[in-house]
Amino acid sequence: MEERRENGPMMTDGLIPSPTNPMVNPLLTDLYQYTMAYAYWKAGKHNERAVFDLFFRRSPFGGEYTVFAGLEECIRFIANFKFTAEDIDFLRGALPGGCEEGFLDYLRQVDCSEVEVYAIPEGSVVFPKVPLIRVEGPVAVAQLLETTLVNLVNYASLVATNAARHRRVAGNSKTLLEFGLRRAQGPDGGISASRYCYMGGFDATSNVAAGRLFGIPLKGTHSHAFVSSFMVRKDFYCCPTVIMHHMIWCHARTASLTSPDMQSPDEIVEKLLRSADASTTCEDFVSLVQSWLRKIQRTRLSIGGFGETNLSELAAFTSYALAFPDNFLALVDTYDVLRSGIPNFCAVALALRDLGYTAIGIRLDSGDLAYLSGEARKFFQAIEKDFGVPGFGKTSITASNDLNEETLDHLNKQGHEIDAFGIGTYLVTCYSQPALGCVFKLVEINNQPRMKLSEDVSKVSIPCKKQCYRLYGKEGYALVDLMIGENEAAPKVGERILCRHPFNESKRAYVVPQRVEELLKCFWRGSTDKSREELLPLTDVRARCMMQLEQMRPDHMRRLNPTPYKVSVSAKLYDFIHFLWLNEAPNLQDLKFWTSDGNQQKRTTSSDSQRSFLIEL
Ligand SMILES: Nc1ncnc2c1ncn2[C@@H]1O[C@H](COP(=O)(O)OP(=O)(O)OP(=O)(O)O)[C@@H](O)[C@H]1O
Ligand SMILES: O=P(O)(O)OC[C@H]1O[C@H](OP(=O)(O)OP(=O)(O)O)[C@H](O)[C@@H]1O
Ligand SMILES: O=C(O)c1cccnc1
Ligand SMILES: [Mg+2]
């Protein structure tokens, strides 16, 4: 993977850098792309000009919207598409039955200088059937791009959408932390998850490599292992297993009964802590913490009292605070949240406060998160009131543990006091829907529109090289996406336009747009033509995503039974689709239909009639 970047692609001399993952190269594809490329070449068809659309058929997670992600990596792949000598050597033996040397000579000089790419900007909210990327170029080259482009868009868009959905249910005021690296589908899955969850609205990641590569804010707490690595001798004498192990250990080393690993708070070696403003030094921070714990224990807090807390946990918290006095956040559920974790945290936080530091808060990682967060909040508020500590009641509460969109929704319904959510497994694995199902379909070759037919109407592709627009209404919400033929006039603000469902005759509406947004922008037009859209820094792409999500009508965005967003075609494109559909249906040359005078007549299927139609389009 490449070196650190500050939140955006590194452009040197206008060159587009190579893909983030070096595995993204011309061989990262399906074998059939090469067999087809060879057959195109053998047929002398390889340079025919083709147009492919990359689109998906249904939004994921039962929703009606998708966040488009992965474009930057697609453009990096296209801009750097070139075979190495080793690639060519490998391909020589990879095609079934081998291939002529001339084909390999052809591949040696292939690049994307003849390719044009139009795309919807990354981070946009997008809908089914509308091309996210339109690739135009020599058919063999465009065909070779298919699998890689689909691969780069599929998971990126799926996980960005998942993140956006988590953001929507959590609300804008909550902090969302992506904790998924350990559960992601391999290293690329982990890196991609961090990048695209940030794009979709998360605030930070725990993934250090993603922080370095993309400039995503890094955040984290600590684990149970850190807390349970501290032990007090009291526990040592009580636990038979430990006694047994220790007797063996001591015998082997003829050492004293006190292991160097055993630490009560008094055994912390480095106890010194300088105040936040560096004006004073506390020689014994541990004693300060202990005195605060006693104070809290003795004071009848307005929410009631508590007994002994776990002192090994206190030692762990104290040590963590000594290491990070400015960023103290404690995981409080290792032993007992209410009777140990929270009081111990408060003792350390109050001691820090004496030295001018403000503790960040706690993390809950088990149990009933609604209840425990509520109890924690009451405890913090009681400290604020009873000890006169302004702001302590607002101490931050982070929750984690198998969270997902559903759980966040349940927590909201119950009421909770959580400020931040750490989410891993369900987010990055896209547990509730593991793939988006993007496709890459040929829509035109040599200026002849093509379409893929299917029994299932949702799988019929929309032919022609198209222009795509988003039409906005009075309230500023997006109303409809409209696809029109390449040579049709663009829709105009204030002018009525008929928008038709591409396949359902009865679904149509006149729209008078208040704003018209052209969706497909040029992102690549050969290496020498620099007149293309810039690849923006990740933070800008994220901001676009947030803004577009805000502009969606709320009923399209709701979790239960959202209203489908309308995706339409112009009247001319509608007529052409259905004309071509009938012409492409099997055995049409032999099909007869009845004329009004009762005579049988043959349907014309000549490409001449298609062409005359196209002129109008
Ligand atoms: N108030 C709540 N409403 C709905 N779901 C919740 C609530 N609180 C926690 N959960 C979810 O319930 C599940 C609890 O899982 P589980 O029973 O395995 O964990 P636990 O017993 O609390 O913790 P662990 O076993 O890790 O110590 C988690 O998925 C968590 O996100
Ligand atoms: O629950 P997730 O959404 O995947 O979030 C990440 C989890 O990873 C960590 O623990 P880990 O799951 O490794 O161990 P634990 O379940 O025993 O806490 C952390 O404590 C979270 O619980
Ligand atoms: O920093 C954390 O708290 C964290 C990081 C990854 C997984 N679970 C928790
Ligand atoms: Mg877990």
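Atoms within each ligand, like the ligands themselves, are counted from 1 in listed order. One-based numbering along the sequence shown. For clarity, every value in this text was computed on a predicted model and none was experimentally measured.
Compare Arg363, His222, Arg183, His224 by their heavy atoms: the one nearest to atom 11 (P) of ligand 2 is in Arg183.
The backbone N or O of Lys271 lies less than 3.5 Å from no partner atom in the side chain of Glu283, so there is not a single donor-acceptor pair. A donor-acceptor distance shorter than 3.5 angstrom exists from the side chain of Asn80 to the backbone of Arg76, with no hydrogens or angles considered. Under the 3.5 Å distance criterion, the side-chain polar atoms of Tyr320 are matched with a main-chain donor or acceptor of Thr221. Checked by atom type and distance alone, the side chain of Arg167 pairs as donor or acceptor with a backbone atom of Lys174 at under 3.5 Å. A donor-acceptor contact shorter than 3.5 Å links the side chain of Asp333 to the backbone of Asp365. Checking side-chain atoms of Asn344 against main-chain N and O of Asn310 turns up a donor-acceptor pair under 3.5 Å. With hydrogens and angles ignored, the 3.5 Å screen pairs a side-chain donor or acceptor of Asn154 with a backbone N or O of Gly437.
Among all non-hydrogen protein atoms, the one lying nearest atom 22 (O) of ligand 2 is Asp365 OD1, 2.7 Å. Ranking protein heavy atoms by distance to atom 23 (O) of ligand 1, first place goes to Ser366 CB, 3.1 Å. Looking from atom 22 (O) of ligand 1 to the surrounding protein, the closest heavy atom is Gly367 N, 2.5 Å.
For ligand 1, the atoms lying closer than 4.0 Å to a non-hydrogen atom of Leu403 are 31 (O). Those atoms of ligand 1 that come under 4.0 Å of a heavy atom in Ala370, given as number and element, are 1 (N). Those atoms of ligand 2 with a heavy atom of Thr425 less than 4.0 angstrom away are 2 (P), 3 (O), 4 (O). Interface atoms of ligand 2 facing Asn401, defined by a heavy-atom separation under 4.0 Å, are 1 (O), 22 (O).
The presence of a protein heavy atom under 4.0 Å from atom 13 (C) of ligand 1 is ruled out. The presence of a protein heavy atom under 4.0 Å from atom 8 (N) of ligand 1 is confirmed. Within a 4.0 Å radius of atom 25 (O) of ligand 1, the protein contributes no heavy atom. Inside a 4.0 Å radius of atom 17 (O) of ligand 2 there is not any protein heavy atom. In this structure, atom 1 (N) of ligand 1 is in close contact with the protein, since a protein heavy atom lies within 4.0 Å of it. By the definition of a contact as any protein heavy atom under 4.0 Å away, atom 18 (O) of ligand 1 is not in contact.
When heavy-atom distances to ligand 1 are checked against a 4.0 Å cut-off, Thr407 comes that close only through its side chain, counted from C-beta outward. In Asp402, the parts holding a heavy atom less than 4.0 Å from any atom of ligand 2 are both the side chain and the backbone.
Checking only distances, Asp365 never comes within under 3.5 Å of ligand 1, N or O to N or O. Not a single N or O atom of Leu411, backbone or side chain, sits closer than 3.5 Å to an N or O atom of ligand 1. Backbone and side-chain nitrogen or oxygen atoms of Gly424 are examined, and one is located within less than 3.5 angstrom of a nitrogen or oxygen of ligand 2. When only interatomic distances are considered, the shortest N/O to N/O separation between Gln414 and ligand 1 falls below 3.5 Å. Checked against a 3.5 angstrom limit, the closest N/O atoms of Ser400 and ligand 2 fall outside it. Considering backbone and side-chain atoms alike, Asn401 places an N or O below 3.5 Å from some N or O of ligand 1. Considering backbone and side-chain atoms together, Tyr426 places no N or O closer than 3.5 Å to any N or O of ligand 2.
In this structure, Ala210 and Thr205 approach most closely via the heavy-atom pair CB-CG2, 4.3 Å.
Counting only heavy atoms from C-beta outward, the side chains of Pro343 and Phe379 approach each other to under 4.5 Å.
Two rings, from Phe127 and His556, have their centers 6.0 Å or more apart. For an aromatic pair to be called close, the ring centres must be under 6.0 Å apart, and Phe345 with Phe328 satisfies this.
No more than 12 heavy atoms of other residues, nucleotides or ligands sit less than 6.0 Å from atom OH of Tyr371.
Look at Asp203 and Arg542 and you find a salt bridge, because one of the NZ, NE, NH1 or NH2 atoms lies within 4.0 Å of a carboxylate O, short of that distance.
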